Amino acid sequence: MQSVVRYRDARSTLSASLLCVLLVTVTGVRGLCNVSIDIPLAVAAGTTVNMNCKYDLQSETLYTVKWYKGSEFFRYVPKEMPPIAVFGDLGTKVIINQSDAHQVVLKDVQPNHTGKYRCEVSGDSPSFNTVMVHGYMHVASLPDGEPQLLVEKTRYAVGDTVRGNCTVPSGNPPANVTWTVNGIPVNSSFVMNITNKVGDNQQQMTIAGLDFETMQDNFSNSRLHIVCHANVFHLYQEKVEIFLKEERPRLASVLGTRESSYTGNAAKRSVEYFYITAITTLSLCSLR
Ligand SMILES: *[C@@H]1O[C@H](CO)[C@@H](O)[C@H](O)[C@H]1NC(C)=O
Ligand SMILES: *[C@@H]1O[C@H](CO)[C@@H](O)[C@H](O)[C@H]1NC(C)=O
Ligand SMILES: *[C@@H]1O[C@H](CO)[C@@H](O)[C@H](O)[C@H]1NC(C)=O
Ligand SMILES: *[C@@H]1O[C@H](CO)[C@@H](O)[C@H](O)[C@H]1NC(C)=O
Ligand SMILES: *[C@@H]1O[C@H](CO)[C@@H](O)[C@H](O)[C@H]1NC(C)=O
Ligand SMILES: *[C@@H]1O[C@H](CO)[C@@H](O)[C@H](O)[C@H]1NC(C)=O
Ligand SMILES: *[C@@H]1O[C@H](CO)[C@@H](O)[C@H](O)[C@H]1NC(C)=O
Ligand SMILES: *[C@@H]1O[C@H](CO)[C@@H](O)[C@H](O)[C@H]1NC(C)=O
């Protein structure tokens, strides 16, 4: 009994292992199984990347392993000498003596190597079972420096508005910026990604704004602890923080200093106000 199964564009390991079960039940032949791709979600530009294609041949022999990013860039054929062939721009990045039937090692990856990678495994004749799986990798050029936090002023009375912004240097993709105030997440009032060209690459600087009105509850020990967090995947995780102080009415000056005349007036006015309020309250009471 001979069967030729062609299976293109397997979406995941799940469908690949389903195929394996199907193969065994339909044909009784134990063949290529459990094909999966293992590549990093994100790496920094300039680094070396290990990409793995895992599979279980069971009783089958390997015919080829091919790697694609759009077009084919790597091929492993055990029957050929040498077994490895590389193609195109990505082919020049392959470290051949570290790559084999299960792994491809790429050196000095660049942001334009971001994208969908596919691995295709084929068993030998008579079946030529073929399974293809894919994964996505981001190559990030990380911000060249730390975020910067600016605020309008450092002392705030209850009811004042805190305005500030956090600027993260250029990178690709732009950083995600989040805020916390005394450890509690607060939304940005705006986010801007400003594009500029760095060599051949488009990079983006990010500015995120903070804008909120303070309430008594927000001060903890008369302080506001503001933190700007900037992240590019797990590769760049920076934060910058600032402590703002609560400005309290200066009660001490009532006891008489250079400001005594002004404070005195203010105090007198509030006594009159209290007096009027007291009378109003009294007459309201007598109406009842
Ligand atoms: C495929 O992988 C699954 C889960 O890892 C495992 O249970 C199963 O035995 C594997 N099949 C073969 C044929 O290796
Ligand atoms: C791999 O090849 C490079 C040159 O292509 C050589 O310098 C290096 O020593 C080799 N490494 C191994 C582990 O064979
Ligand atoms: C990727 O960018 C590098 C420069 O960073 C360039 O040399 C190379 O040709 C580019 N490759 C592709 C496929 O665009
Ligand atoms: C960021 O904050 C500083 C200081 O308050 C201000 O001068 C600057 O205009 C702000 N930038 C933006 C884009 O809002
Ligand atoms: C800025 O870039 C971040 C990170 O990629 C993204 O989540 C956000 O939507 C972008 N914001 C704008 C206004 O383009
Ligand atoms: C923050 O933004 C999220 C998503 O846009 C929204 O659901 C939430 O209500 C916002 N929170 C505040 C305090 O504005
Ligand atoms: C300030 O405190 C109020 C009341 O507890 C709360 O609703 C608000 O989210 C706080 N604002 C910030 C920026 O923490
Ligand atoms: C930004 O955050 C979103 C949502 O958490 C995430 O999907 C995305 O990958 C992040 N982008 C970067 C560059 O870290």
Side-chain angles (χ1 to χ4, degrees), residues 40-47 110-112 114 136-254 257-259 262-263 266-267 269-270:
L41 170 68
V43 297
T47 55
Q110 295 302 317
N112 58 8
T114 292
Y136 200 93
M137 183 175 79
H138 293 270
V139 182
S141 64
L142 301 180
D144 169 28
E146 290 174 1
Q148 257 207 327
L149 174 50
L150 285 174
V151 289
E152 273 178 347
K153 51 179 188 162
T154 53
R155 289 181 161 276
Y156 295 82
V158 170
D160 283 356
T161 299
V162 176
R163 283 194 196 87
N165 53 41
C166 186
T167 304
V168 189
S170 291
N172 177 13
N176 276 340
V177 179
T178 54
W179 298 93
T180 57
V181 175
N182 293 339
I184 301 165
V186 174
N187 287 349
S188 293
S189 54
F190 68 85
V191 180
M192 289 189 288
N193 295 324
I194 299 161
T195 303
N196 47 17
K197 259 184 106 114
V198 179
D200 288 345
N201 297 314
Q202 296 261 313
Q203 301 215 331
Q204 286 169 308
M205 178 171 85
T206 305
I207 305 176
L210 182 68
D211 189 327
F212 69 94
E213 200 176 298
T214 59
M215 295 182 196
Q216 187 60 61
D217 288 2
N218 300 136
F219 291 98
S220 154
N221 288 325
S222 299
R223 294 202 303 182
L224 277 174
H225 182 207
I226 307 231
V227 185
C228 162
H229 306 259
N231 296 312
V232 180
F233 304 108
H234 60 287
L235 304 169
Y236 174 94
Q237 295 180 311
E238 297 282 336
K239 62 179 186 181
V240 51
E241 64 186 349
I242 197 165
F243 286 94
L244 304 178
K245 294 195 188 79
E246 180 177 10
E247 188 148 66
R248 290 227 169 118
R250 293 210 233 147
L251 296 175
S253 56
V254 177
T257 55
R258 278 182 299 158
E259 292 169 335
Y262 173 75
T263 320
R269 234 182 285 127
S270 66

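Heads up: numbering here begins at 1 and tracks the sequence. These numbers were taken from a predicted model, which means no experiment stands behind them.
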Item to complete: First locate atom OH of Tyr156, then atom NZ of Lys245, and finally report the distance between them rounded to the nearest 0.5 Å.
Response: 11.5 Å
Discussion item. Any heavy-atom pair between the side chains of Phe233 and Asn176 that's under 4.5 Å?
Written reply: no
Worksheet, complete the sentence: CE (Met205) and CD1 (Ile194) are apart, to the nearest 0.5 Å, by 4.0 Å
Worksheet entry | Nearest atoms (heavy-atom pairs only) where Gln204 meets Pro174 | OE1-CD, 3.1 Å
Worksheet item: Is the count of non-hydrogen atoms from other residues, nucleotides or ligands lying under 6.0 Å from Gln148 atom CD greater than 12?
Response: no
Item to complete: Nearest 0.5 Å please: distance from the SG atom of Cys166 over to the CD1 atom of Ile207.
Response: 10.0 Å
Worksheet item: In this structure, are over 12 heavy atoms from other groups packed under 6.0 Å from Asp144 atom CG?
Response: no
Worksheet entry | Side-chain touch Tyr136/Leu41, heavy atoms, less than 4.5 angstrom | no
Discussion item. A side-chain contact here means heavy atoms from C-beta on lying under 4.5 Å apart; do Gln202 and Lys197 qualify?
Written reply: yes
Fill in: Spacing of CD belonging to Glu241 relative to CG belonging to Leu149, to within rounding of 0.5 Å
9.5 Å
Response to the item:
To the nearest 0.5 Å, atom CG of Leu150 lies from atom CG of Leu210 at 12.0 Å
Item to complete: For residues His229 and Thr180, determine if any side-chain heavy atom of one lies less than 4.5 Å from a side-chain heavy atom of the other.
Response: yes
Worksheet entry | Shortest non-hydrogen separation from Leu244 to Lys153 and the atoms involved | CD2-O, 3.8 Å
Discussion item. Can you tell me how the ring of His225 sits relative to the ring of Phe243, calling it parallel under 30°, perpendicular over 60° and tilted otherwise?
Written reply: parallel
Practice prompt. For Trp179 and Ala208, work out which heavy atoms get closest and say how close.
Written response: CZ2-O, 3.3 Å
Worksheet item: For Glu238 and Pro147, which heavy atoms make the closest approach, and how far apart are they?
Response: CB-CD, 3.6 Å
Worksheet item: Salt-bridged, Arg248 to Glu246, with N to O below 4.0 Å?
Response: yes
Worksheet item: Which heavy atom in Ala44 sits nearest to a heavy atom in Leu235, and how many Å separate them?
Response: N-CD1, 3.8 Å
Worksheet item: Under a 4.5 Å cut-off applied to non-hydrogen side-chain atoms, are Val162 and Ile226 in contact?
Response: yes
Discussion item. Main chain of Gly159, side chain of Thr214: is a donor-acceptor contact present, judged purely on distance under 3.5 Å?
Written reply: yes
Fill in: Separation of Ser222 OG from Arg155 CZ (nearest 0.5 Å)
10.0 Å
Worksheet item: Name the one of Asp160, Asn165, Thr161 that satisfies side-chain contact (heavy atoms from CB on, under 4.5 Å) with Arg163?
Response: Thr161
Fill in: Shortest non-hydrogen separation from Ala45 to Gln110 and the atoms involved
CB-OE1, 4.5 Å
